[in-house]
Amino acid sequence: MDLELNNVLIYGICLSSCLLLKILLPYLPLVCPLLLELVKCPPLPRVGRSTTLWTYKYLIYRTVVRARRWCGGWSRFDVLLLVMYLAANISCTLIGVSSVLEAGARAGALCLCNMLPLFAAPSLSFAADILQVSLRDQRRLHVLAGVAVVLLAAFHVTVSAASSEGYPLTDVKNVSAFGAIICIGSLSLPIGFLSRLLPFELVSTGHHLLALTLVGTTWHHLPSKHLQPRLYIYVVAGAYALALAAHGVWASYRNKLWFSRARLTEQYGLIHMNLHSRRKLAAEPGQYLNMWIIEGVRSILQVTPLLVVSWAPEATDEAELILQVRQGLTRKLLKSLEYGDNTVRVAYSGPHGPTIPTDKHEYFLLLATGSGILPMLPFLKKLVSHRHGHRRSCTRRVRLVWRVEDEGLADVVEKYINSALEEDDKPPPSGEYAEIAKLRHCLNCGGRHDEILDLTFYMKRPCKPPAYEASTAPTEKLVKPEQEALQSVHASGCTDADAEKKKKPRARFKLVEDLDFGAIVGDETKLVKNPPVRAPLLVIAAIARPFREELTEAVRAHLQSVILRFAEFEPPAETKKEGKLPKDENINIDMAKQVRDDIMGKTSP
């Protein structure tokens with residue numbers, strides 16, 4: 001019953017220690033404040049910054065495998081971690097073995113150790129919150145650990161089947177092993193592919209049930225005379241039970257042990273939800289909620305992520321969320337809204353997702369393609385509300401660049417952008433924030449300007465601007481009628497006297513053949529470099545996969561002045577980078593410009 005210190009046990013201890021250290025690392029300064037002071041001692045800050053810049057420039061922002069519709073891009077850093085992870089498993093399997101049977105036994109034990117990241121939490125969102133990583137990174141970790149489990153289990157089964165004893169099914173433990181093999185093979189199938197054939201609720205529930213069945217059959221297959229093989233299962237089961245209990249307690253606290261109410265409406269193919277929570281909710285921009293929408297028995301089995309598009313400076317019991325329609329429950333909800341709005345009972349967990357700190361930055365660049373505009377809306381609201389120096393921050397410039405692909409979506413987000421513009425038009429504050437507000441000045445003329453928003457919309461093809469119909473109420477339109485479209489000015493308002501009289505706009509529509517991220521990032525970094533400011537430009541992006549590589553290359557050229565952060569929400573990958581205007585004999589660019597000018601209220605000279 002004694003434990004034997006071998007390669008497998010050492011690997012298990014190291015893997016558990018790495019995960020535990022990743023969880024506790026942000027809390028170390030609270031436990032040991034002296035450690036934080038030691039890190040600030042020279043030359044450690046300079047060495048740390050140089051190392052970080054080198055890592056981003058030559059590892060993280062260097063793409064090895066390009067992004068595809070079914071697969072995200074892989075950088076040098078991702079490939080390096082993959083090689084190190086697989087090399088550690090191969091070394092522990094082969095080093096110091098005396099026979100092939102011993103190597104097969106080690107592979108089986110390592111298979112149990114690698115189950116720990118797979119059972120770190122009952123959901124990927126909660127696991128990402130525990131490890132304090134993005135959902136994208138957590139999915140890659142989940143897939144990587146799953147691949148390691150499949151390869152090690154295949155090697156273990158092959159060696160055992162080729163041995164003299166074989167796998168006689170008359171032994172109950174071998175029957176359990178056969179069941180575990182079936183579970184591993186079923187779990188290795190991609191969920192995205194299965195959800196196209198079967199309802200997503202069935203696929204998701206089946207995936208969780210197969211995972212629990214795998215743990216049970218594996219435990220029954222292990223020999224009962226030795227503690228060490230079963231110790232790995234006990235650790236995995238204990239970690240999962242602890243995370244499940246924590247998740248249940250947090251969800252119960254968030255919902256006050258009962259359901260909240262939500263009103264669903266349909267807007268241009270999207271589901272808009274007004275949530276009335278039983279407990280006040282404080283969601284940061286870019287975060288989302290995992291929602292149980294009570295609409296029958298099948299709906300209880302599906303957890304639907306909804307993006308929070310509203311923001312408030314304090315916790316509130318109301319929130320606005322938007323859901324993109326997929327297969328399964330969301331499609332059913334959309335059909336039910338054909339006859340009018342609907343009020344449903346919901347329970348939720350969250351908010352999930354990492355927060356992007358903005359208080360230390362003064363210049364921001366928000367990039368979005370297609371539905372990537374949705375996570376940018378709360379960022380606009382927050383940054384504009386802080387423009388006068390609230391919370392010790394002073395936002396000087398916010399530029400939003402959006403590649404418009406759907407006129408219906410543009411109509412949905414119209415009121416949110418209008419709200420940000422109205423907030424930006426408010427007069428500067430008085431009182432305790434008045435002195436801080438004076439710090440905002442134009443980098444071109446040195447004068448003070450109250451407006452900080454700069455909106456640029458790129459259209460794939462010559463058509464009218466994003467579904468903003470002509471209206472007699474100028475305040476309800478994204479660009480006011482007295483403003484001139486197709487003009488390029490800074491949001492700071494740095495123009496000559498004649499231009500000031502004409503009130504050049506902060507929103508521009510452009511018909512372009514391609515979206516050049518390099519030129520956009522380069523233009524914004526010039527404002528940060530000359531004259532230099534205390535914090536680099538913060539770029540927040542929610543763009544489709546085909547654009548990510550170009551953006552990272554653009555940021556790589558300005559690493560000293562730019563920090564890049566991707567939002568949790570990723571637009572659909574069907575967005576293509578070929579933005580050339582379609583050849584249509586019935587469409588003329590000049591005619592499209594005239595239509596656009598008419599809609600925007602522009603009068604011809």
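Side-chain atoms are counted along with the backbone in the values below, which use heavy atoms only and exclude waters and symmetry mates.
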Minimal non-hydrogen separation, Val149 against Cys111, with atom names: CG1-SG, 3.5 Å

Do Cys92 and Val8 have side-chain heavy atoms sitting under 4.5 Å apart? no

Plane angle bin for Trp292 and His247 - parallel if under 30°, tilted between 30 and 60°, otherwise perpendicular: perpendicular

Between the main-chain N or O of Pro536 and the side-chain N or O of His361, is there a donor-acceptor pair closer than 3.5 Å? yes

Side-chain contact test, heavy atoms from C-beta onward, threshold under 4.5 Å: evaluate it for Arg396 versus Tyr363 and give yes or no. yes

How many angstroms lie between CZ in Phe566 and CD1 in Ile356, if you round to the nearest 0.5 Å? 10.5 Å

Heavy-atom closest contact (Pro351 atom, Asp129 atom, distance): O-OD2, 4.4 Å

In Å and rounded to the nearest 0.5 Å, what is the CG to CE distance from Leu383 to Met376? 10.0 Å

Is there a donor-acceptor contact under 3.5 Å from the side chain of Thr525 to the main chain of Gly522? yes

Answer whether the closest heavy-atom distance between the side chains of Val401 and Phe517 falls below 4.5 Å. no

Has the side chain of Arg399 got a donor or acceptor atom that lies under 3.5 Å from a matching backbone atom of Phe364? no

Is Leu187 close to Leu118 at the side-chain level, that is, under 4.5 Å between some pair of heavy atoms? no

Identify each donor-acceptor pair in which a side-chain atom of residues 80-89 lies under 3.5 Å from a protein atom, sequence neighbours left out, and give them as a table.
{"unit_1": "Tyr85", "atom_1": "OH", "unit_2": "Asn114", "atom_2": "OD1", "d": "2.3"}
{"unit_1": "Asn89", "atom_1": "OD1", "unit_2": "Tyr11", "atom_2": "OH", "d": "3.4"}
{"unit_1": "Asn89", "atom_1": "OD1", "unit_2": "Asn114", "atom_2": "ND2", "d": "2.8"}
{"unit_1": "Asn89", "atom_1": "ND2", "unit_2": "Tyr11", "atom_2": "OH", "d": "3.2"}
{"unit_1": "Asn89", "atom_1": "ND2", "unit_2": "Tyr85", "atom_2": "O", "d": "2.8"}

Of Trp54, Tyr61, Tyr56, which is the lone residue that meets side-chain contact (heavy atoms from CB on, under 4.5 Å) with Tyr58? Trp54

Quick one: does any side-chain atom of Arg254 pair with a main-chain N or O of Lys280 as donor and acceptor, under 3.5 Å? yes

Check step by step if side chain to side chain contact (heavy atoms under 4.5 Å, CB included) holds for Leu15 and Ile13. CA-CA 6 Å; Leu15 180 61; Ile13 294 175; over 6 Å; no

Could you check if a side-chain atom of Leu21 sits within less than 4.5 angstrom of a side-chain atom of Ser17, using non-hydrogen atoms only? no

Determine whether a donor-acceptor pair (N or O, by modelled atom type, separation under 3.5 Å) exists between the side chain of Asn255 and the backbone of Arg278. no

Is there a donor in the side chain of Ser125 and an acceptor in the side chain of Asn290, or the other way round, less than 3.5 Å apart? yes

Within the side chain of Asp523, is there an N or O that forms a donor-acceptor pair under 3.5 Å with the backbone of Ile520? no

Test item: Leu453 and Val384 side chains (from C-beta on) under 4.5 Å apart, heavy atoms: yes

Scanning both residues in full, the closest heavy-atom pair of Ser188 with Val150 reads CB-CG2, 4.0 Å

Rounded to the nearest 0.5 angstrom, the CD1-NZ distance for Ile130 and Lys22 is 12.0 Å

NE2 on His352 to CG on Leu289, rounded to 0.5 Å: 7.5 Å

Would you check if the side chain of Gln287 reaches a backbone N or O of Gly353 as a donor-acceptor pair within less than 3.5 Å? yes

Evaluate the side-chain proximity of Arg49 to Gln560: yes if any heavy-atom separation is below 4.5 Å, no if none is. yes

Check this for me: does any side-chain nitrogen of one of Arg136 and Glu568 sit under 4.0 Å from a carboxylate oxygen of the other? no

Using atom types as modelled and distance alone, determine if a side-chain donor or acceptor of Arg279 lies under 3.5 Å from a backbone N or O of Tyr253. yes

Least distance between heavy atoms, Pro45 atom then Pro42 atom: CD-CA, 4.0 Å

Could you pull out the closest heavy-atom pair between Ala319 and Ser310, with the gap in Å? CA-OG, 3.7 Å

Looking only at non-hydrogen atoms, find the nearest pair between Leu323 and Pro305 and report the distance. CD1-O, 3.6 Å

Apply side chain to side chain contact (heavy atoms under 4.5 Å, CB included) to the pair Ser419 and Lys381, showing each step before the final yes or no. CA-CA 8 Å; Ser419 175; Lys381 182 70 173 178; 3.6 Å; yes

Enter the distance from Glu553:CD to Glu549:CD here, rounded to the nearest 0.5 Å. 6.5 Å

Could you give me the CA-CA distance, side-chain angles and deciding distance for Arg62 and Lys57, then say whether side chain to side chain contact (heavy atoms under 4.5 Å, CB included) is met? CA-CA 7 Å; Arg62 282 288 194 178; Lys57 186 173 184 178; over 6 Å; no

Begin from the C-alpha positions of Ser277 and Tyr348 and carry the test side chain to side chain donor-acceptor pair (under 3.5 Å) through to its verdict. CA-CA 9 Å; Ser277 176; Tyr348 67 92; 2.5 Å; yes

Can you find a pair of side-chain heavy atoms, one from Tyr416 and one from Leu380, that are under 4.5 Å apart? no

Can you check whether Val47's main-chain N or O pairs, donor with acceptor, with Ser50's side chain at less than 3.5 Å? no

Just do the side chain to side chain contact (heavy atoms under 4.5 Å, CB included) check on Ile543 and Arg548 with the steps written out, would you? CA-CA 7 Å; Ile543 58 179; Arg548 289 202 172 202; 4.1 Å; yes

Say whether, by atom type as modelled, one donor and one acceptor occur between the side chain of Arg76 and the main chain of Ile60 under 3.5 angstrom. no

From Phe569 atom CZ to Ile322 atom CD1, the distance as rounded to the nearest 0.5 Å: 9.5 Å

